[in-house]
Enquirer: 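To start, I am sharing the structure in question, which I have written as structure tokens.
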Amino acid sequence: MQVNAAIFKAYDIRGIVPSTLNESVAEGLGLAFGAAALAQGETTVAVGRDGRLSGPALVQALVRGLVAAGIEVIDVGAVTTPMLYFAASTLCRSGIQVTGSHNPKDYNGFKMVLASKAIYGEEIQALRRTMEADSAPRRAGGSVRQADVTQAYVERIVGDVKLARPMKIVVDSGNGIAGATAPGIFRALGCEVTELFSEVDGNFPNHHPDPSKPENLNDLIAALQAGDAELGLAFDGDGDRLGIVTKDGQNIFPDRQMMLFARDVLSRVPGGEIVFDVKCTQRLAPEIAAAGGVPVMFKTGHSLIKARMRETNAPLGGEMSGHIFFKERWFGFDDGTYAGCRLLEILSRSPDANAVLNGLPQSHSTPELNVACAEGEPHRVTAELQTAAPAFLAARAAARGAEAAPQISTIDGLRVDWADGFGLIRASNTTPVLVLRFEGQNAEALARIEGDMLALLHSVKPDAHVGSAAH
């Protein structure tokens, strides 16, 4: 079949409905994934969808393909991506969520788990090749049945998390699928919940469901200021990421959330490895070490972080983008609702949740920045930056005099750590852009680091134009 190769991303499949992603693509994927599952001895695949308008038709087509491949399909209906992962951890070992995540409303896509592992990279490209060649065999014996995992999922969380005191919170689901379950789970824990935009509506009529963008938190901040709730939580479109806002309107970014989570987890798993991605604050690693853990900086990408955690049996991992992975007491997949519950459990032990959050170490930093590139250019540019960086940065340091040489990491693009901050330039794995982030322990350090890193970038790519990120 003819498919648009660009929809096959590093960690998932994502496209615009119906121009690049449609029912025939969904059916072809079902057939290809079914064949891949059977090749690994997997006979059952769970299927779910988020609240997007194109979801029901895409699920029907996906299920047709899976059944034609000879798979027993468990259709769990409209659920968050973490609830699909829950189904693929408790009812079977493989699953596909039809979701556009935090993308605009005309997007949709597929997140996939095969034999208990999130598939990515080459495995996704192999599915594309199978679809293009139409080489997946059709087998008899396929079937489909419905299952509701909501009650089991809620009972599992409520049985695990215990609050030390009741809390008043505001929950903004952004009309995404988390609105159907998250507020009720927080109430079951003993919270008093003010709901914003819980009605699942794929038109996203109020604001876009992406809490990593500050403008999408304005309604939550206004509700906190107008009422007597002590904390605000926000979810993305498919419920696997969490945003946190304090009473005074501070956005507690995921790398600072990880400081709290790491301290808590390490109190029960001393010496555990805590995995975080290269975008995270320089302040995180010392916090992990001080709490008795082993900080491990790794590549960005939820599938990559999960794979690293599996290798080392790490109890906790997290990404700057908002994906938090609890293996301790949980299944190791990213879940915004569960992360929110664990956060409340920690904060409920203090009479002043906001003091705890605002007391976390912080620095001066830029938001995520992007440099648009030609297709294929970002990885070439980062390779050139890795080669040029040592001599270029040494010369900049020498010109200023007596400055210690920075540490250079090339695990994912180029990350340079000075004593007072860091700079990052890496290639996005999903779009043809360079991703930039700069941090300093004070405003002067931030300005110096940003200046050095941009000068280095322009030495390799003179036409680089820095703009704000668009997820």
Enquirer: Tell me yes or no: between the side chains of E273 and T312, is some donor less than 3.5 Å from an acceptor?
Expert: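 T312 and E273 do have a side-chain donor-acceptor pair below 3.5 Å.
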Enquirer: Is any side-chain heavy atom of R415 closer than 4.5 Å to a side-chain heavy atom of L424?
Expert: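 When only atoms from C-beta onward are counted, L424 and R415 do touch, with a gap below 4.5 Å.
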Enquirer: Check for a donor-acceptor pair, side chain of S350 on one end and backbone N or O of L347 on the other, with a separation under 3.5 Å.
Expert: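 Such a contact is absent between S350 side chain and L347 backbone.
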Enquirer: Do K247 side-chain atoms and L224 backbone N/O form a donor-acceptor pair below 3.5 Å?
Expert: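 Yes; at least one donor-acceptor contact below 3.5 Å.
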Enquirer: Could you tell me whether a side-chain N or O of D334 sits under 3.5 Å from a main-chain N or O of R241, the two making a donor and an acceptor?
Expert: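 No: the side chain of D334 does not pair with the backbone of R241.
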Enquirer: Would you say that more than 12 heavy atoms from the other residues, nucleotides or ligands in this model lie under 6.0 Å from the CZ of F8, or not?
Expert: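 Counting neighbours around CZ of F8, more than 12 heavy atoms of other residues, nucleotides or ligands fall under 6.0 Å, so yes.
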Enquirer: For residues G48 and V59, report the shortest heavy-atom separation together with the two atoms involved.
Expert: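 Nearest pair, atom of G48 first, then V59: O-CG2, 4.2 Å.
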Enquirer: Work out which heavy atom in S348 is nearest to a heavy atom in R165; give both atom names and the distance.
Expert: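 Smallest interatomic distance, heavy atoms only, reads O-CG, 3.2 Å.
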Enquirer: Going through the distances and angles, do N108 and S54 end up as a side chain to side chain donor-acceptor pair (under 3.5 Å)?
Expert: CA-CA 7 Å; N108 217 324; S54 57; 2.8 Å; yes
Enquirer: If I take atom CG from residue N175 and atom NE2 from residue H207, how far apart are they, to the nearest 0.5 angstrom?
Expert: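 Rounded to the nearest 0.5 Å, the CG-NE2 separation comes to 7.5 Å.
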Enquirer: So, for F333 and Y338, is the gap between ring centers shorter than 6.0 Å?
Expert: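 No: the rings miss the under 6.0 Å criterion.
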Enquirer: Test your reading of the model: is there a side-chain donor-acceptor pair from Q40 to the backbone of A37, 3.5 Å cut-off?
Expert: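 Judged by distance alone, no pair lies under 3.5 Å.
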Enquirer: Are M112 and D12 side-chain neighbours, meaning at least one heavy-atom pair lies under 4.5 Å?
Expert: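 Answer no - side chains too far apart.
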Enquirer: Below 4.5 Å, heavy atoms only, C-beta onward: do M258 and C280 meet side chain to side chain?
Expert: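 Result no, sub-4.5 Å side-chain heavy-atom pair not found.
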Enquirer: L233 versus I244: any side-chain heavy-atom pair under 4.5 Å?
Expert: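 Yes, side chains in contact.
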Enquirer: Under a 4.0 Å threshold between the charged nitrogen and the carboxylate oxygen, would R263 count as salt-bridged to E287?
Expert: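 The answer is yes: the pair qualifies as a salt bridge.
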Enquirer: Does D277 reach the side chain of F298, with side-chain heavy atoms less than 4.5 Å apart?
Expert: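 With C-beta onward as the side chain, the pair stays apart.
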Enquirer: So T44 and E72, side-chain contact (heavy atoms from CB on, under 4.5 Å) or not? Walk me through it.
Expert: CA-CA 5 Å; T44 308; E72 179 195 352; 3.3 Å; yes
Enquirer: Could you tell me whether the side chain of E27 and the main chain of G65 form a donor-acceptor pair under 3.5 Å?
Expert: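 Side chain of E27 to backbone of G65: no pair is present.
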Enquirer: Between E42 and S94, does the side chain to side chain donor-acceptor pair (under 3.5 Å) criterion hold? Intermediate values first, please.
Expert: CA-CA 7 Å; E42 298 289 311; S94 301; 3.2 Å; yes
Enquirer: Any side-chain heavy-atom pair from F235 and V171 closer than 4.5 angstrom?
Expert: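 Yes, at least one pair of side-chain atoms sits under 4.5 Å.
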Enquirer: Salt bridge check: are R129 and E122 linked by an N-O gap of less than 4.0 Å?
Expert: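 So R129 pairs with E122 through a salt bridge.
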Enquirer: Any heavy-atom pair between the side chains of F86 and V76 that's under 4.5 Å?
Expert: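 A side-chain contact under 4.5 Å is absent here.
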Enquirer: Could you check whether any side-chain N or O of R437 sits under 3.5 Å from a backbone N or O of K279, counting only pairs where one atom can act as donor and the other as acceptor?
Expert: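 Checked: pair present.
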Enquirer: Can the ring centres of F325 and H302 be said to be less than 6.0 Å apart?
Expert: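 Distance test on ring centres: not under 6.0 Å, no.
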Enquirer: Side chain to side chain donor-acceptor pair (under 3.5 Å) for D255 and T281? Distances and angles first, verdict last.
Expert: CA-CA 6 Å; D255 52 355; T281 174; 4.5 Å; no
Enquirer: Answer yes or no: is there a donor N or O on one side and an acceptor on the other, between the side chain of R52 and the main chain of Y107, under 3.5 Å?
Expert: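 Side chain of R52 to backbone of Y107: a pair is present.
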Enquirer: Can a donor-acceptor pair be found between the side chains of N103 and S101 at a distance below 3.5 Å?
Expert: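 No pair is found: no donor N or O on one side chain lies under 3.5 Å from an acceptor on the other.
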Enquirer: Quick check against the 3.5 Å criterion: does D172 have a side-chain atom that pairs as donor or acceptor with the backbone of F197?
Expert: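 A pair under 3.5 Å: no.
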Enquirer: When you compare the side chain of R308 with that of K299, does any pair of heavy atoms fall below 4.5 Å?
Expert: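 Answer no - side chains too far apart.
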Enquirer: Can you measure from CG (D106) to CG (L21) and round to the nearest 0.5 angstrom?
Expert: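 It comes to 11.5 Å.
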Enquirer: Tell me whether the NZ or CZ atom of K306 lies within the 45° cone about the ring axis of Y85 and under 6.0 Å from its centre.
Expert: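 Relative to the ring axis of Y85, which defines the angle, K306 lies inside both limits.
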